[in-house]
Number of protein chains: 2
Amino acid sequence: MPKKRVRIKDIALAAGVSTGTVDRVIHNRGNVMPAVKKKVEEVMKVLNYQPNIMARTLANNKVLKIAVFLPNFKQDAFWEAPKKGIDKAIAANQHFLIDLQYYYFEENEVESYIEQSTQILADEPDALILAPIFQQESQLFLKALAKKKLPYVLINTHLPTVASVAYIGQDSYQSGVLAARLISDKQPENASYLLLHLEAAEKTANATHISQKETGFYDYFKKNKKKALIIKKAFSEVNQGKTLGQFLKQVLTEFSNPTGIFVSTSKAYQLIEHAGSLLKNTTIIGFDLLPQNIAYLKAGKIDYLINQNPERQGFLAITNLIDALLLKKIVPPIQYLPLDIVVKENVDYYL
Amino acid sequence: MPKKRVRIKDIALAAGVSTGTVDRVIHNRGNVMPAVKKKVEEVMKVLNYQPNIMARTLANNKVLKIAVFLPNFKQDAFWEAPKKGIDKAIAANQHFLIDLQYYYFEENEVESYIEQSTQILADEPDALILAPIFQQESQLFLKALAKKKLPYVLINTHLPTVASVAYIGQDSYQSGVLAARLISDKQPENASYLLLHLEAAEKTANATHISQKETGFYDYFKKNKKKALIIKKAFSEVNQGKTLGQFLKQVLTEFSNPTGIFVSTSKAYQLIEHAGSLLKNTTIIGFDLLPQNIAYLKAGKIDYLINQNPERQGFLAITNLIDALLLKKIVPPIQYLPLDIVVKENVDYYL
DNA sequence: TGTATATTTGTGTGCGCACACAAATATACA
DNA sequence: TGTATATTTGTGTGCGCACACAAATATACA
């Protein structure tokens, strides 16, 4: 049987009221006699009324002003991916009137974060997408947003606060567990692993992610009662008095030929660049499908990349806002994206 | 700057014609003076006109009758996934008037395929989604569709014919390569592997998939110059005079304790069910996130499942038809889905 | 030059909904 | 009981588009 559409008109007819009254019931605008309201709701249920999103959007005809607040991708290439996803989602939803405004801050300058967040509040957007990298400052900012009743989507980093619309991101702890599994699979007991934190800025959410990954990594060995020697080294250009190259060479001289190296950030390619020649038969695991990482993966220098789907984070941030605010749909408050295991042999299908 | 929408009205005004004429140009309905047509097209380009999909769909108001032609999932659980994806896509696109009709055939009965395909032609759908399992019969059927100018999406199995709208599926060859990589990783030279084809129906596309996986599997070892002993065994209840249990026990007695077993179909769980006790330290790789497979993956009995995203195949089949036929978008003719590597540690995010 | 016909162009309506505003009805209170 | 006001209900318009149909204009031909 061909599908027949139930319209407001049909409900009005069946309930013996006008379309205006049905509209009032649908949108809870009040001023409807309780008995009438009940009757209309019954009819809606019986006829299984589904509002026509096309017509609704068309009639609504509002411009949604969205502020996107992310770290500057010129400083950290990781952030290109969410931006790309956001732009793709906008392109795919051109028929919605969306006024997108980007705001960037520097990952190692709290001041730029505060400055930009003030600017956003002044510009009065209708909704936000943000990565709450600086924990304390973000808490304050989110409070300000709550006060103004501005809906927002958090990506990449979750805060104890409940996101007003949704949190979309990765499970960092589990990605550490996964890395441990991959790096130690088929390896003998008491193998040695190097846990490498490259370019971890202090005080930011990135630090939290990294420590969660670390915990997951250790926990895997504990839970599976697999004995291993794990050495941890961290490098941050800001804090140390040497270059990354010097640092890596020193580490790999002290601790030569580890069974595997787990780079907890997206900078696995830097390890290869600076110390590739020092590595033999070492399993290398890193994060994120940056072009440099992909090149080394294809060349067989990196064994595994765990893809946290940052592009999809951006894409979903937009579509979730559209769903929640324009289409009035209910969206899941927490959305973890898959942790894709990417190897040379399947990487092409993720690009 | 807030986005301003360019409407047909705006083009008409700028070109000094009526909206009707603009409409004629947009849809190539003819009967427009060449000079006028040119002028309108210029204006459209200058103003960068993008038709409003919402309004277009609303005004169009056509029912799209889609026939879905798949193997009976009661016989082969794999086919539940595409159906699920199709149903989800329909639910997510309720505002389009789609009249969906399912047609099932039995994977081991060509007659049922022919019978149902005749029925479909008689029912005169506007478009089709089909898995062309029987090669020869499918070729004939697709010819009939081409003659009637019926657009279709092929899923799961590609035919030499060009799909009128799109092919959506997996790269079977590459999945065999991937399996070989995963099964042999960190294993010594000259390890032994069992290549197990379970329940492979003859003469169907499934047979093609399996042989492509097999080729990919062998090729990996060749290309990487990795020496290995690979034993191949196939079982099909129709052909052999014994049960699967008997078959598996015999195989694993003859060829005991292989380093790894690659089950080329979605039936890896049957291997565990019937011969789990005979396996020790053997890496097991299978396909597809069937509930039974997932249970064994979580229990540590299966090491890897390669996910060919069959649900997404169904989902994309519908959205591609909507894009192509209702929204008049251009869709890529070949769409390979990622080959997800699923292990105990990341399976939850794929469910 | 006038009439019939073909070609080109313009106008009006409906798709389903949201919302402003008008109309009808109920209630308060003198 | 009558009038003012509050509450409830109904009507009309526009969102941007597709398409049927009407109107205007060009062309053919006697």
Side-chain angles (χ1 to χ4, degrees), chain A residues 2-41 43-44 47-64 93-98 325-329, chain B residues 3-40 43-44 47-64 93-98 325-329:
Chain A
K3 208 161 134 186
K4 55 193 162 210
R5 201 179 256 165
V6 178
R7 302 154 300 175
I8 287 182
K9 217 186 189 178
D10 301 314
I11 295 165
L13 189 70
V17 296
S18 74
T19 58
T21 299
V22 176
D23 177 71
R24 256 161 247 131
V25 173
I26 289 174
H27 294 90
N28 258 306
R29 298 195 212 280
N31 288 329
V32 181
M33 288 272 279
V36 174
K37 188 179 177 191
K38 203 180 156 194
K39 173 73 186 164
V40 170
E41 281 170 342
V43 171
M44 286 205 291
L47 297 185
N48 184 29
Y49 173 69
Q50 302 291 349
N52 184 315
I53 294 172
M54 300 288 175
R56 176 172 281 187
T57 310
L58 192 62
N60 238 320
N61 203 35
K62 280 180 198 146
V63 176
L64 186 67
N93 290 284
Q94 281 181 324
H95 35 287
F96 291 107
L97 289 181
I98 295 179
L325 303 181
L326 297 179
L327 308 181
K328 312 270 163 67
K329 286 189 194 171
Chain B
K3 211 161 132 187
K4 56 192 164 213
R5 200 180 257 163
V6 177
R7 303 155 298 175
I8 286 181
K9 218 184 187 177
D10 301 312
I11 296 165
L13 189 70
V17 297
S18 73
T19 57
T21 299
V22 176
D23 177 72
R24 255 162 246 130
V25 173
I26 290 174
H27 294 91
N28 257 306
R29 297 193 212 282
N31 287 329
V32 181
M33 287 272 280
V36 175
K37 188 179 176 189
K38 202 181 156 193
K39 173 76 185 162
V40 170
V43 172
M44 286 205 291
L47 297 185
N48 185 28
Y49 172 68
Q50 302 290 350
N52 184 315
I53 294 172
M54 300 288 176
R56 177 173 279 186
T57 310
L58 191 62
N60 237 318
N61 202 35
K62 280 181 198 147
V63 176
L64 186 66
N93 290 283
Q94 281 181 326
H95 34 285
F96 291 107
L97 289 179
I98 295 179
L325 303 181
L326 296 179
L327 308 181
K328 310 271 162 68
K329 287 188 191 170

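All chains are named by letter (A, B, ...) in the order of the sequence lines, taking the proteins before the strands, and each is independently numbered beginning at 1. This is a predicted model, so every value here is computed, not measured.
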Could you tell me the separation between the [atom1] atom of [X] and the [atom2] atom of [N], rounded to a whole number of Å?
X: B/Asn28; N: D/dA18; atom1: CG; atom2: P; value: 13 Å
X: A/Arg24; N: D/dG10; atom1: CZ; atom2: C1'; value: 7 Å
X: A/Ile26; N: C/dC19; atom1: CD1; atom2: C1'; value: 13 Å
X: A/Leu326; N: C/dA18; atom1: CG; atom2: C1'; value: 14 Å
X: B/Arg29; N: C/dG10; atom1: CZ; atom2: C1'; value: 15 Å
X: A/Lys37; N: D/dT9; atom1: NZ; atom2: P; value: 12 Å

### Task
Among residues two or more places apart or on two chains, list those pairs meeting salt bridge (charged side-chain N to carboxylate O under 4.0 Å, His left out) that have a residue in residues 28-40 of chain B.
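Only B/Asp23-B/Arg29 qualify under salt bridge (charged side-chain N to carboxylate O under 4.0 Å, His left out).
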
### Task
Output every pair passing salt bridge (charged side-chain N to carboxylate O under 4.0 Å, His left out) with a member in residues 9-21 of chain B, not counting sequence neighbours, ordered by first then second residue.
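Sorted result for residues 9-21 of chain B: B/Arg7-B/Asp10.
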
Check the interface with nucleotides 12-16 of chain C: list each N/O to N/O pair with the protein under 3.5 Å, or write none.
unit_1, atom_1, unit_2, atom_2, d
C/dC15, O2, B/Ala59, N, 3.4
C/dG16, OP1, A/Arg5, NH1, 3.4
C/dG16, OP2, A/Arg7, NH1, 3.2
C/dG16, N2, A/Ala55, O, 3.3

### Watson-Crick and G-U pairing of DNA chain D written in dot-bracket, each distance under 3.5 angstrom, with | for inter-strand partners
||||||||||||||||||||||||||||||

### Task
Kindly point out which of D/dC19, D/dT9, D/dA18 is positioned nearest to the side chain of B/His27?
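Between D/dC19, D/dT9, D/dA18, the one nearest the side chain of B/His27 would be D/dA18.
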
### Query
Does A/Thr57 use its side chain to pair, donor to acceptor, with the backbone of A/Ile53 at less than 3.5 Å?
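Flag set: sc A/Thr57 to bb A/Ile53 pair under 3.5 Å.
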
### Query
Got a second to check how far A/Leu326's CG is from A/Leu64's CG, nearest 0.5 Å?
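A/Leu326 atom CG to A/Leu64 atom CG measures 5.0 Å (nearest 0.5 Å).
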
### Message
Tell me whether the side-chain N/O atoms of A/Asn31 come closer than 4.0 Å to OP1 or OP2 in D/dT7.
### Response
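For A/Asn31, the contact criterion (side-chain N or O under 4.0 Å from OP1 or OP2 of D/dT7) is not met.
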
### Task
Could you tell me whether the phosphate oxygens of C/dG10, OP1 or OP2, come under 4.0 Å of any side-chain nitrogen or oxygen in B/Thr21?
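For C/dG10, OP1/OP2 do have a side-chain N/O of B/Thr21 under 4.0 Å.
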
#### Entry: Least distance between heavy atoms, B/Ala12 atom then B/Thr19 atom
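Shortest heavy-atom contact: CB-N, 3.8 Å.
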
#### Entry: Heavy-atom pair of closest approach, residues A/Val43 and A/Ala14
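The answer is CG1-CB, 3.6 Å.
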
### Message
List the residues meeting salt bridge (charged side-chain N to carboxylate O under 4.0 Å, His left out) with B/Arg24, not counting sequence neighbours, and say none if there are none.
### Response
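Residues passing salt bridge (charged side-chain N to carboxylate O under 4.0 Å, His left out) with B/Arg24: none at all.
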
#### Entry: Residues that B/Arg56 engages under salt bridge (charged side-chain N to carboxylate O under 4.0 Å, His left out), provided they are two or more places apart
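Scan of B/Arg56 (salt bridge (charged side-chain N to carboxylate O under 4.0 Å, His left out), adjacent residues dropped) gives none.
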
### Query
Does a donor on one side chain sit under 3.5 Å from an acceptor on the other, for A/Asn48 and A/Gln50?
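Judged by distance alone, the side chains do pair up.
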
